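Note that the structure is a prediction, hence the values are computed from the model and not measured. Letters A, B, ... mirror the listed sequences (proteins, then strands); counts begin at 1.
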4 protein chains.
Amino acid sequence: MSSASVDKHAAILDAAYELFGSGGFYETKMSEVAERAGIAKGTVYLYFKSKEELFMAVTRRDCEGFLEQLEGKLRACSAMTDKLSVIAEHHLFYYYERKQHTKLFFRAPNNNPELVAYMAQFMEAYMQAVVKVLLEGGATEPELMAQSYIGILDRLKMDILFDPEFAEADADKRAKFAARLFITGALGSLDSALGDFPAEAES
Amino acid sequence: MSSASVDKHAAILDAAYELFGSGGFYETKMSEVAERAGIAKGTVYLYFKSKEELFMAVTRRDCEGFLEQLEGKLRACSAMTDKLSVIAEHHLFYYYERKQHTKLFFRAPNNNPELVAYMAQFMEAYMQAVVKVLLEGGATEPELMAQSYIGILDRLKMDILFDPEFAEADADKRAKFAARLFITGALGSLDSALGDFPAEAES
Amino acid sequence: MSSASVDKHAAILDAAYELFGSGGFYETKMSEVAERAGIAKGTVYLYFKSKEELFMAVTRRDCEGFLEQLEGKLRACSAMTDKLSVIAEHHLFYYYERKQHTKLFFRAPNNNPELVAYMAQFMEAYMQAVVKVLLEGGATEPELMAQSYIGILDRLKMDILFDPEFAEADADKRAKFAARLFITGALGSLDSALGDFPAEAES
Amino acid sequence: MSSASVDKHAAILDAAYELFGSGGFYETKMSEVAERAGIAKGTVYLYFKSKEELFMAVTRRDCEGFLEQLEGKLRACSAMTDKLSVIAEHHLFYYYERKQHTKLFFRAPNNNPELVAYMAQFMEAYMQAVVKVLLEGGATEPELMAQSYIGILDRLKMDILFDPEFAEADADKRAKFAARLFITGALGSLDSALGDFPAEAES
DNA sequence: CATGAATGAGTATTCATTCAT
DNA sequence: CATGAATGAATACTCATTCAT
């Protein structure tokens, strides 16, 4: 692939990321992607076979970037609590930086098995990264624990995406909150009424 | 509204719920909705101004049902721990019963401010319902706590939606897991390495 | 099918006949067909599933008309020689009246198995009509004879299609010529040099 | 034109003959022609100005070959009856050998006046070749006679093109049949009912 | 001469919505 | 109220042709 080709390939991905991200799959036109990338309509098809394939490529690049950055940050610290904090910060800041592009995940093409499969694989990889951290602490049910942690982070990110007032400091605060809640549970913040929580089962 | 009208109104909503739920917004045709509802295409427009409005109505009915049922179940118990369990069970079983209709939430129409606003309002109402429970326990940061709990439940429901093997017993197990994790935190399941977690780190 | 529907169905076929006939399949646009039929583009698709299906319908209507008219004319006479003349006149005049629409046969869509099959069936039916006439005269090899006769007529029609000067009288003359040549052979018009033609085989 | 150029020119014509012949004009892509000729897409345009011109060149080469071979074979015999047999055999075997390439004639580009003119000129030349033979026998109406003969041959070749079972022996049989029918007419194979055919009816 | 990356005109088809009956 | 025939805007994708290298 020549240097010019790389440039164009990347330019198309960038343009598509912007448009798919802010408008969703169905409301983004290939002609707009071409225009924003500064090339002709037909040229897009030299690099991506179809609109769906382009969407897949955009999604894949974004997800891979998410995981790669996460792995890098995790390697930089050793204590499990630090790692959990790193995960929270990464999750929230990643979306904080992309708050304009929420549609990439919410407005995907329907009924595309390849995309569904890829997203499932991405979620699995993300979960396993968290599982790996939890196993260092000898967690039981690490997969459910990992999913729960990701769930907390994913919900706490929502205001980031939709609240225009949201600031970086808020993201940071939420990251810390998430990590602490996950570790210590709500017990710490709740009064003694909880003291009698049946630890084994709520039957 | 006459009784026949009520019937038709409901028939359309039922048909649309099935189709939007299993095919998503963009891949569902108004003509299909009419056909499944057993009426003529034009008649749909006597009851709903547009496809988007119909989607809104379907979503609203579903969300309202979710909240109403939840309120009912919460009124039936008094201890906060019971209520948290009830929330978890409700969340997971509600989706368990609707596992065929995942597209209703994942494949919504793009760029519809009204829908976005409604979903935000629904989330707020759901969150407040949880907040109300948490406040009985005197929680600090009850909103973030509520969101986190919902986040856990929402993530744990994912496998329910996408794993065809998922059984009712699994849903039950996950509900119990979620409630306990939320209350006691991961600490209980992790070894002493966590003992030195800086509980006040976010200060 | 309501009367209005019949009208529209026929109007589309008429418009398509004109355009496919003069421009061929590939160079005729569905929007042109709609415009000439005085309806909206989408309406064409209420009556014909696709451009290819419309082309098929036009072709079928034309071929069926050809055969039906021929059968009618053949029933009106009894002597075999009369029938052969009738065939010749029908073939040449049919194309004479349609000289503006040659493309219907020459510019058909490529690789459409259904169309190929239909044309083969039409040719078979036409041939059998001629065979039936020839069998009254006790012909041997009636199928090859019929094909040959049709071949003569088809070639003699070519100038009709392409020579703008061609007049009705010329068509009539050619019809008579064809019938006589077919019956008596070239021998009558050629001098004695042919006398020694080896009637059984040219080996 | 250098030797390499000649090679390439011929390679393109060969490739185009294969593809136009089996797929027709509209469904053959210039990129496929280039690929099959083993050269780059742009190079085709160094030798042929456009797709239509290439199609013309392919057609012309094929038609010229047809006529040249025919002239050669005709020079090799002297009796008129022999020559008529030679024409029949040539026509049928020429297509027999090219049965894979039927689309070259049936799927020509629409509305190309140059091609229409060339085909008319080819037909004229072919007809004149037959006329020349017939004139040796002192035929009246030699042009109509020639066209008729060609018409018989052209129709009898149809099964050759479309019937996969067709064998060389069948082609030979048809050639003999055509020559004899043309010379002696159907009269020989029909019973006395034809005896009263009004030979001068067209006067 | 040869290349092949880039171009952009061109078109069949769908489907939400309307409105005459 | 109900119908469904008619509408027409909207868009992905192809491929002949060009031209900088």
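- A side chain to side chain donor-acceptor pair (under 3.5 Å) with D/Asp14 is found for one member of D/His9, D/Arg61, D/Arg36 and no other, namely D/Arg61.
- Using a 30° and 60° split on the angle between ring planes, B/Tyr95 and B/Phe66 fall in the tilted class, from 30° to 60°.
- A/Thr43 contributes no side-chain N or O that, together with a main-chain N or O of A/Ile39, makes up a donor-acceptor pair within less than 3.5 Å.
- The shortest non-hydrogen separation linking C/Ser50 to C/Tyr45 is CA-CE2, 4.2 Å.
- Atoms NZ (B/Lys8) and P (F/dC1) sit 9 Å apart, rounded to a whole Å.
- When the P atom of F/dA6 is taken as reference, atom CG of C/Asp7 falls 10 Å away, rounded to whole Å.
- With rounding to whole Å, A/His9 atom NE2 is found 13 Å from E/dA6 atom P.
- Remark: C1' of F/dC15 and CG of D/Leu54 are 15 Å apart, rounded to the nearest angstrom.
- Distance, D/Leu19 CG to F/dC15 C1': 15 Å, rounded to whole Å.
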Would you give a per-nucleotide map of nucleotides 13-21 of chain E, 5' to 3', where B means the base has a protein non-hydrogen atom under 4.0 Å away, S means only the sugar-phosphate does, and - means neither? BBSSBB---
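- Here D/Glu114 pairs with D/Met56, D/Asn112 under the side chain to side chain contact (heavy atoms under 4.5 Å, CB included) rule; sequence neighbours left out.
- Judged by distance alone, with hydrogens and angles left aside, the side-chain atoms of D/Lys49 form no donor-acceptor pair with the main-chain N or O of D/Leu54 at under 3.5 Å.
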Map every base of DNA chain F to its dot-bracket character, where paired means a Watson-Crick or G-U wobble contact with both distances under 3.5 Å and | marks a partner outside the strand. .||||||||||||||||||||
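- In terms of modelled atom types and a separation under 3.5 Å, the side chain of D/Lys51 and the main chain of D/Thr28 share a donor-acceptor contact.
- Side-chain contact of D/Tyr26 with C/Glu27: a donor-acceptor pair under 3.5 Å is present, judged by distance alone.
- For the pair A/Tyr47 and E/dA6, the criterion of a side-chain N or O lying under 4.0 Å from OP1 or OP2 is met.
- Per the geometry, CD belonging to B/Glu35 stands 15 Å off C1' belonging to F/dT3, to the nearest Å.
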